[in-house]
2 protein chains.
Amino acid sequence: MTPSLANAPAIAPSPAIFNALALPSGRSTPSGPLLPWGDEACAYARDQVIFSEGDPASSVRIVTSGMVRISRMMADGRRQIVGFLQPGDMLGLAQTGTFLYSAEAVIPVTLRRLSRTQFDGLLERDFELRRRLLAVTATELQIAQEQMLLLGRKTAPERLASFLLSQARRKMVEPEDHCRISLPMTRTDIADFLGLTMETVSRAFTRLKTSRLIRLLPDQMVELVDINALTDLSEGC
Amino acid sequence: MTPSLANAPAIAPSPAIFNALALPSGRSTPSGPLLPWGDEACAYARDQVIFSEGDPASSVRIVTSGMVRISRMMADGRRQIVGFLQPGDMLGLAQTGTFLYSAEAVIPVTLRRLSRTQFDGLLERDFELRRRLLAVTATELQIAQEQMLLLGRKTAPERLASFLLSQARRKMVEPEDHCRISLPMTRTDIADFLGLTMETVSRAFTRLKTSRLIRLLPDQMVELVDINALTDLSEGC
DNA sequence: CGAATTGTTGAACCATATCAACCAGAGTGG
DNA sequence: CCACTCTGGTTGATATGGTTCAACAATTCG
C-alpha cells in the first residue's frame, strides 16, 4: 500500500454498507468464492425494487453485476440512502427477521442467492467464513462511522469530494490524478446519500468543475483531475 | 413486546456504536460473562482521554461503570460523536491496527481489559463467541444506519426526540410515559452526536419542555412525559 | 422528431449556525 | 458565610448555507 493511503486504512476495498458485506471478487477471494451461491441469476431492471423495508429476509444475496442502492425512508417520504452496492457486495447478511431497509436497482442488476437456512448452516460449521464475515462487518462499521462524520459535520462541497474519492477507491486502491469513475446513479440518489438536495449536489458539481478539480465527461463519467485538492477539500483543510 | 415498539426491532438492547459491542450485563449473559476480562479495573476521570485516533489498538476493553464517548475529529476541530458507551459496552473490538476514533470519559469511568492477542486466541477457538460477536456487530450496523437517517434527513427537534427515545430504550425495552433518564453528557456532546450546535440543542430542549413532551429535572435527569408524541416527532409524523 | 426525464441555474426563503449577552450552579478562597 | 470565578446552559439578534420554488437546458427514449 502506497504512502498516501497509509492513513486511509484497509477500508478502501470494501465500501459497501450495511449487511452488504463486500467481497470484491478479484481481490479478496484468491481461493475461490467464499460461499456456494446458487446458479440461478436474478435480474432486475433499472429502478426495480429488489426488496422493501419490512419484507422477510429469507435469503442472502450477492451482486454479480450492476449497482444497487439501499435506503431507509421516513413516513413523509424523506429518504436516506445508506449505501451503493457493486459486484461482490452482499445483501441481507445481518438480517434475522425482516429487512430494515429497501434495495433497488440503480442500473440493471443481476444477483445470486443463498437461502437463509443454508447460509446459517454454513455459518455454524465454517470457521474461516465467520472470521471473514466478522472482519468485513468491522470494515462496514468504519465506513458507517466515516459517513456519520460526513453527514453530521461536512459542508456540501466536502461531502461531494468525499463521495467522489470513496467511489474512486472502489475501483483502485490508490486513486491517481486524472482517474475516471462512473456514476450511474442520479443526482437525486447522490443527494439522498449525502443528506443534501439534488440542486445542492448539482451546484457542488459545477463548483468542483469550474475550480478544475473534476471534469464531467459523457456517459455519467467523471474525471478526478486533482486528487490532492479533492482530498484536502474532503478533509476540510 | 408491546405494539408501540413493534417497529423498533431488537436493536434496543444494544445501542453502543462502533466496535463497542454491547453485552448489557444482566440481560444477554445468563451464563456468565462472555469473555475472561482482566481483574484490574482501569479508572478514568471526567473528560480524561482513554485513547486517541491513531493509537495502537493493543487491547479490547469493556465499560464496567460510567459513560464513554467515542468521536472522530476533523483537522479544523469539527467533531462527530459516533456513540455513547455504557456499562457492558465494548471498545476496540473491530480494531486491527490503530484506533480510528478517540474515546474519552463523559463521567468517571472504569474499564476492564483483555489483550488483543488473548482476545484473538479466544475468537479463534470459541465457536459461540464468534456467533455472538457477529450478531452484535450486525445490530451495531442497524444502529449506525438509523443514525445516518437521523443525521442526513431529520430536523433538530426530530433528532433530539430520537436521541431521548434511544437513551430511554437503553434502560428499558419498552419506555413508558413519565420514565426518567439520566443525560450525564453536556449539551455540546449531544450537539456533536446529533450533528447540531449546542445552542440548537438547547432550543430544541426548551421546545420539547414548553410543549410538555419532556420535563427537565435536577441532576441531569429528564422525564419523558409523552412517549407517543416523542415517537411521532422522532419519525416525522 | 417530440415527449419525458434528468440536470442546471436563478431568486427567495428558512432552519440552523454564529455571535453575543446573560444566567445558574459549583467550586474556591478570603 | 459571602464575593468571585468558572463552566455549562439559556436566550436573543443576526448571518448564512442549503432548501425550496421556478424556469430552462440537456439528455434519453419511444
Side-chain angles (χ1 to χ4, degrees), chain A residues 45-47 69 74 76-81 104 106-108 150-163 182-211 214-222 233 236, chain B residues 45-47 67 69 74 76-81 104 106-108 150-161 163 182-211 214-222 233 236:
Chain A
R46 190 166 179 279
D47 287 331
R69 63 172 170 258
M74 291 178 67
D76 59 3
R78 276 175 281 176
R79 184 179 71 155
Q80 179 66 38
I81 292 179
E104 291 130 19
V106 173
I107 49 175
L150 181 151
L151 292 170
R153 290 294 177 222
K154 290 187 181 178
T155 67
E158 288 166 1
R159 291 181 200 202
L160 184 56
S162 303
F163 173 67
S182 159
L183 297 180
M185 68 292 280
T186 66
R187 294 287 183 266
T188 304
D189 283 341
I190 297 174
D192 285 349
F193 183 60
L194 299 180
L196 301 168
T197 60
M198 214 251 278
E199 294 90 334
T200 303
V201 169
S202 179
R203 284 182 241 271
F205 264 109
T206 44
R207 272 191 60 177
L208 292 185
K209 195 174 55 177
T210 52
S211 48
I214 63 170
R215 281 174 51 204
L216 299 186
L217 309 173
D219 293 317
Q220 315 261 53
M221 298 293 290
V222 179
L233 177 59
Chain B
R46 190 166 178 280
D47 288 330
M67 180 178 277
R69 65 172 168 258
M74 291 177 68
D76 59 2
R78 277 176 282 177
R79 184 178 71 153
Q80 179 66 38
I81 291 180
E104 294 131 16
V106 172
I107 49 174
L150 181 150
L151 292 169
R153 289 297 177 220
K154 290 188 182 178
T155 67
E158 287 166 0
R159 292 180 200 203
L160 183 57
F163 174 66
S182 160
L183 297 180
M185 67 292 280
T186 66
R187 294 285 182 266
T188 304
D189 283 342
I190 297 174
D192 285 348
F193 184 59
L194 299 180
L196 300 168
T197 60
M198 217 249 278
E199 294 91 333
T200 303
V201 169
S202 180
R203 284 183 240 271
F205 263 110
T206 45
R207 272 190 60 177
L208 291 185
K209 194 173 58 177
T210 52
S211 48
I214 64 171
R215 280 174 51 203
L216 299 185
L217 309 173
D219 294 317
Q220 316 261 54
M221 298 291 290
V222 179
L233 177 58

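In what follows, every chain begins at residue 1, and chains take the letters A, B, ... in the order their sequences are listed.
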Check: Who passes salt bridge (charged side-chain N to carboxylate O under 4.0 Å, His left out) against B:Arg69, sequence neighbours left out?
Finding: B:Asp47, B:Glu104, B:Asp189
Notebook entry, point to check: Between B:Glu158 and B:Thr155, which heavy-atom pair has the shortest distance, and what is it?
Noted result: OE1-N, 2.9 Å
Taking only distance into account, with no hydrogens and no angle test, what donor-acceptor pairs under 3.5 Å do side-chain atoms of residues 192-201 of chain B form with protein atoms, sequence neighbours excluded?
unit_1	atom_1	unit_2	atom_2	d
B:Asp192	OD1	A:Arg153	NH2	2.8
B:Asp192	OD2	B:Arg79	NE	2.6
B:Asp192	OD2	B:Arg79	NH2	2.8
B:Thr197	OG1	B:Thr200	N	3.3
B:Thr197	OG1	B:Thr200	OG1	3.0

Margin query: Going by side chain to side chain contact (heavy atoms under 4.5 Å, CB included), name the residues that satisfy it together with A:Ala161, two or more places apart in sequence or in a different chain.
Written below: A:Leu230, A:Leu233, A:Ser234
Checklist line | Listed partners of A:Ser162 passing side-chain hydrogen bond (donor to acceptor under 3.5 Å, both in side chains), at least two apart | finding: A:Lys154
Checklist line | Set of side chain to side chain contact (heavy atoms under 4.5 Å, CB included) partners for A:Arg207, sequence neighbours left out | finding: A:Pro157
Margin query: Within the structure provided, determine whether A:Arg159 and A:Leu151 are in side-chain contact (heavy-atom separation under 4.5 Å).
Written below: yes
Margin query: Within the structure provided, determine whether A:Leu217 and A:Val222 are in side-chain contact (heavy-atom separation under 4.5 Å).
Written below: no
Checklist line | B/S/- contact track for nucleotides 8-18 of chain C, protein heavy atom under 4.0 Å | finding: BBBB----SSB
Notebook entry, point to check: Does B:Asp76 have any side-chain hydrogen bond (donor to acceptor under 3.5 Å, both in side chains) partners at least two apart in sequence or in another chain, and if so, which?
Noted result: B:Arg78
Next item on the list: List for me each residue that meets ring pair (Phe, Tyr, Trp, His ring centres under 6.0 Å) alongside B:Phe205, sequence neighbours excluded, and say none if there are none.
Entry: none
Check: Where does the chain B footprint on DNA chain D start and end, counting 5' to 3' with a 4.0 Å heavy-atom cut-off?
Finding: D:dG9 to D:dA13
Check: Using rotation axes that map the C1' atoms of four end pairs onto the next four (five pairs an end), what angle separates the end axes of the helix from C:dC1-D:dG30 to C:dG30-D:dC1, to 10°?
Finding: 30°
